[in-house]
Amino acid sequence: MTKALRLVLGDQLNINISSLADYEHETDLVLICEVNEEATYVKHHKKKIAFIFSAMRHFGAELKNNGYTVEYSRIDDRDNTGNFFGEVKRCLKKYNFDKIVVTEASEYRCLKEIKSWSKQLNCEVEILEDDRFLSSKNNFIDWAQGRKELRLENFYREMRRKHSILMNDKQPIGEKWNFDNDNRKPLTSGIAIPQTYKEKPDQITQEVIKLTAKLFDNHFGNLNDFHYAVTRDQALKALGQFIKERLSSFGDYQDAMLMDEPWLYHSHIGLYLNCGLLLPLECIEAAQKAYHDEIAPLNCVEGFIRQILGWREFVRGIYWLKMPEYETLNFFNAKRKLPSFFWTGNTKMNCLKQSISETKENAYAHHIQRLMVIGNFSLLSGLNPTEVNEWFLIVYADAYQWVELPNVTGMALFADGGILGSKPYASGGNYINKMSNYCKSCEYKVSQKNGETACPYNYLYWNFMIENKQKLSKNARLSIMYGTLNRMSEDKIKSITNDSRKFLNALC
Ligand SMILES: Cc1cc2nc3c(=O)[nH]c(=O)nc-3n(C[C@H](O)[C@H](O)[C@H](O)COP(=O)(O)OP(=O)(O)OC[C@H]3O[C@@H](n4cnc5c(N)ncnc54)[C@H](O)[C@@H]3O)c2cc1C
Ligand code: SF4
């Protein structure tokens, strides 16, 4: 009988993962390892490390309770070699297996390494498809084949049809594919927003928090008020709570931001989906059921489902289609170093201060804070995409390169020149002012376009349009903005470039 060593990586914490599908109780062993290399190849947020290690430990225990034989390497084990290869080699030596079975790693870097093991270890390595996604890598390649442009909307419609989600035979329920026009409402302060799911850390989590504080003391972020779910049962409860209490307002307030309200009506399940505690289809089906049960309206349910069935699958498809080149793209040749306030939140710009401080606290910021505050600032300031990508990969508990990179390089920075989106998500301070109450408490004035007290987003926006005119002016979606720019007086343009130069030179 073949003896298999089944390696389960830290973002594959699901008992139905392909690598465990034909597990043989008599002969096989599951290896789960906490390794220093993964925790430090970028210095991940402390809360992210504590979350993943705790979820891994709980998953190891769950497998044991279900009768699996598990070898678990803890980060502080004396013999821990600090990397996957070393741990697999150690295990092979100890128990002698005929083959290694693993579900394909989600990140290019890791998959490339695993592909080299068979030769190095002189042992068969069976790499299985990650079937937790609704569109396989090959499905996406087939879909992309021969298309002039890869656009979310087309992909999403096809996914709706294929998986029969929110469909009335061949037509979308509500006769529209997308209800974004009903969304994008601002929120007023003082409104009672239902709380995010909070789980009290058990003994395992408390131990991991202590260990993280000790071993990764110099990493970004803090460990206070750790409340994430760390088991599948808890993650399902978090999903259930969102569906019951917040989904009915998700769409309306999807883009809203409020001072000192980091969670709002978002689901906060990205970290669970990305490490395997939740599966995409069960989240989509739970939302669909909420629509049919009249718990949530169509604009909210469709908006939520589009994020998971559409965007999440789409960005993964782009990642695997375009890697490894995608990692090096820099369409605008942006070179500026990341300002130090990205690590402290210490800036006079209130929107950035809020979004970065909340990120530091929670390893979470919602989509619009990531895109229209931090991403938009990075784009307008010409920050180096490599540094911006590294920052985003470090700071969020849901960040893995397959999802972080297309969102940053493609969506936020347009550093891919339009592979993922049709135009840069660039905007002045008005958008932030419309969707938040940040500007009211800011030292800068959003209504002011130029001068020392003017909102920096205002002049940086036009400066970006001026500097990249050659690359962007032929983009039909920007023609109105370039029309406005062409009508600007020379004095106005001078003020914009002077203010921008002064501001950018002072960044450090
Ligand atoms: C610059 C930037 C960086 C980002 N980095 C990450 C990242 O590292 N990891 C990550 O999972 N998401 C990332 N996103 C996408 C999105 O912001 C997060 O998925 C979302 O904020 C997670 O919070 P939530 O679970 O409350 O999501 P909700 O707003 O409640 O959305 C529900 C779910 O939809 C999915 N989703 C929504 N938007 C996207 C998207 N653009 N791409 C992929 N999935 C999406 C997520 O799984 C999310 O949990 C990034 C977006 C931007 C603009
Ligand atoms: S005024 Fe400008 S910098 Fe200040 S919070 Fe508003 S958008 Fe941000």
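All heavy atoms count here, side chains included; hydrogens, waters and symmetry mates do not. Read the numbers this way: they start at 1 and go in the same order the structure lists the ligands and their atoms.
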For ligand 1, which part of [X] has a heavy atom less than 4.0 Å away: the side chain, the backbone, both, or neither?
X      : result
Ala365 : backbone
Asn274 : side chain
Phe242 : neither

> Is Glu104 salt-bridged to Arg132, cutoff N-O under 4.0 Å?
Replying inline: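 Salt bridge: no.
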
> Between Arg306 and Asp180, is there a salt bridge with N-O shorter than 4.0 Å?
Replying inline: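 Looking at Asp180 and Arg306, the cut-off is met.
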
Decide whether an N or O pair under 3.5 Å exists between [X] and ligand 1.
X      : answer
Leu273 : no
His268 : yes
Gly270 : yes

Considering heavy atoms of the protein only, find what lies nearest to [atom] and give residue, atom and distance to 0.1 Å.
atom                    : answer
atom 39 (C) of ligand 1 : Trp311 CB, 3.9 Å
atom 8 (O) of ligand 1  : Ala399 CA, 3.1 Å
atom 30 (O) of ligand 1 : Ser267 OG, 2.6 Å
atom 21 (O) of ligand 1 : His367 N, 3.4 Å
atom 8 (Fe) of ligand 2 : Cys351 SG, 2.4 Å
atom 12 (N) of ligand 1 : Val403 CG2, 3.6 Å
atom 6 (Fe) of ligand 2 : Cys439 SG, 2.3 Å
atom 33 (C) of ligand 1 : Ile308 CG1, 3.7 Å

Flag if over 12 foreign heavy atoms under 6.0 Å of [atom1], [X]:
X      : atom1 : value
Tyr425 : OH    : no
Lys162 : NZ    : yes
Lys423 : NZ    : yes
Lys185 : NZ    : yes

> For the residue pair His266 and His268, does the interplanar ring angle fall in the parallel (under 30°), tilted (30 to 60°) or perpendicular (over 60°) class?
Replying inline: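 It falls in the tilted class, 30° to 60°.
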
>> Using 30° and 60° as the class boundaries, would you call the ring planes of Phe414 and Phe331 parallel, tilted or perpendicular?
In response: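 Phe414 and Phe331: perpendicular rings.
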
Option nearest [atom] (shortest heavy-atom distance, choices [options]):
atom                    : options                        : answer
atom 37 (C) of ligand 1 : Gln369, His366, Glu404, Gln307 : Gln307
atom 20 (C) of ligand 1 : Met411, His266, Arg370, Arg316 : Arg370
atom 9 (N) of ligand 1  : Thr409, Leu405, Leu247, Asp398 : Asp398
atom 52 (C) of ligand 1 : Asn407, Leu309, Val408         : Asn407

>> Please tell me whether Ser106 and Asp11 have a donor and an acceptor in their side chains that are separated by less than 3.5 angstrom.
In response: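 Side chains of Ser106 and Asp11: pair found under 3.5 Å.
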
> Counting backbone and side-chain atoms alike, does Cys455 have an N/O/S atom under 2.8 Å from atom 2 (Fe) of ligand 2?
Replying inline: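 Cys455 does place an N, O or S atom closer than 2.8 Å to atom 2 (Fe) of ligand 2.
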
> When rounded to the nearest 0.5 angstrom, what distance separates CD in Glu313 from CD in Gln307?
Replying inline: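 Going from CD on Glu313 over to CD on Gln307, the span is 12.5 Å.
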
> Does Val208 offer a backbone N or O that forms a donor-acceptor pair with the side chain of Ser54 under 3.5 Å?
Replying inline: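 Checked: no pair found.
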
>> Does the residue Tyr396 have a heavy-atom contact with ligand 1, meaning some pair of atoms that are separated by less than 4.0 Å?
In response: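 Heavy atoms of Tyr396 never come under 4.0 Å of ligand 1.
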
>> Taking the cut-offs as 6.0 angstrom to the six-membered ring centre and 45 degrees off its axis, would you call Lys48 and Tyr400 a cation-pi pair?
In response: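 The answer is yes; both the distance and angle limits are met.
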
> Centre of Tyr41's six-membered ring, under 6.0 Å away, within 45 degrees of the axis: is that where NZ or CZ of Arg109 sits?
Replying inline: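 Verdict for Tyr41: a cation-pi partner in Arg109.
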
Go through ligand 1 atom by atom and flag the ones less than 4.0 Å from a non-hydrogen atom of [X].
X      : answer
Tyr364 : 23 (O), 24 (P), 26 (O)
Leu371 : 53 (C)
Phe250 : 28 (P), 29 (O), 30 (O)

> In this structure, which one of Glu327, Met323, Glu113 forms a side chain to side chain contact (heavy atoms under 4.5 Å, CB included) with Tyr108?
Replying inline: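 Of the listed residues Glu327, Met323, Glu113, the side chain to side chain contact (heavy atoms under 4.5 Å, CB included) partner of Tyr108 is Met323.
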
>> So, applying ring-ring contact (aromatic ring centres under 6.0 Å, His included) with Phe314, which one of Trp320, Phe133, Tyr156, Phe155 is it?
In response: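 Testing Phe314 for a ring-ring contact (aromatic ring centres under 6.0 Å, His included) against Trp320, Phe133, Tyr156, Phe155 leaves exactly one candidate, Phe155.
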
> Should you measure from each heavy atom of Tyr444, which atoms of ligand 2 turn up under 4.0 Å away?
Replying inline: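 Heavy-atom distances to Tyr444 below 4.0 Å select 1 (S).
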
>> Closer than 2.8 Å to atom 6 (Fe) of ligand 2: does that hold for any N, O or S atom in Cys442?
In response: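 Under 2.8 Å: Cys442 has no N, O or S contact with atom 6 (Fe) of ligand 2.
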
> For atom 2 (C) of ligand 1, is some protein heavy-atom partner under 4.0 Å away?
Replying inline: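 Within 4.0 Å: yes, protein heavy atom nearby.
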
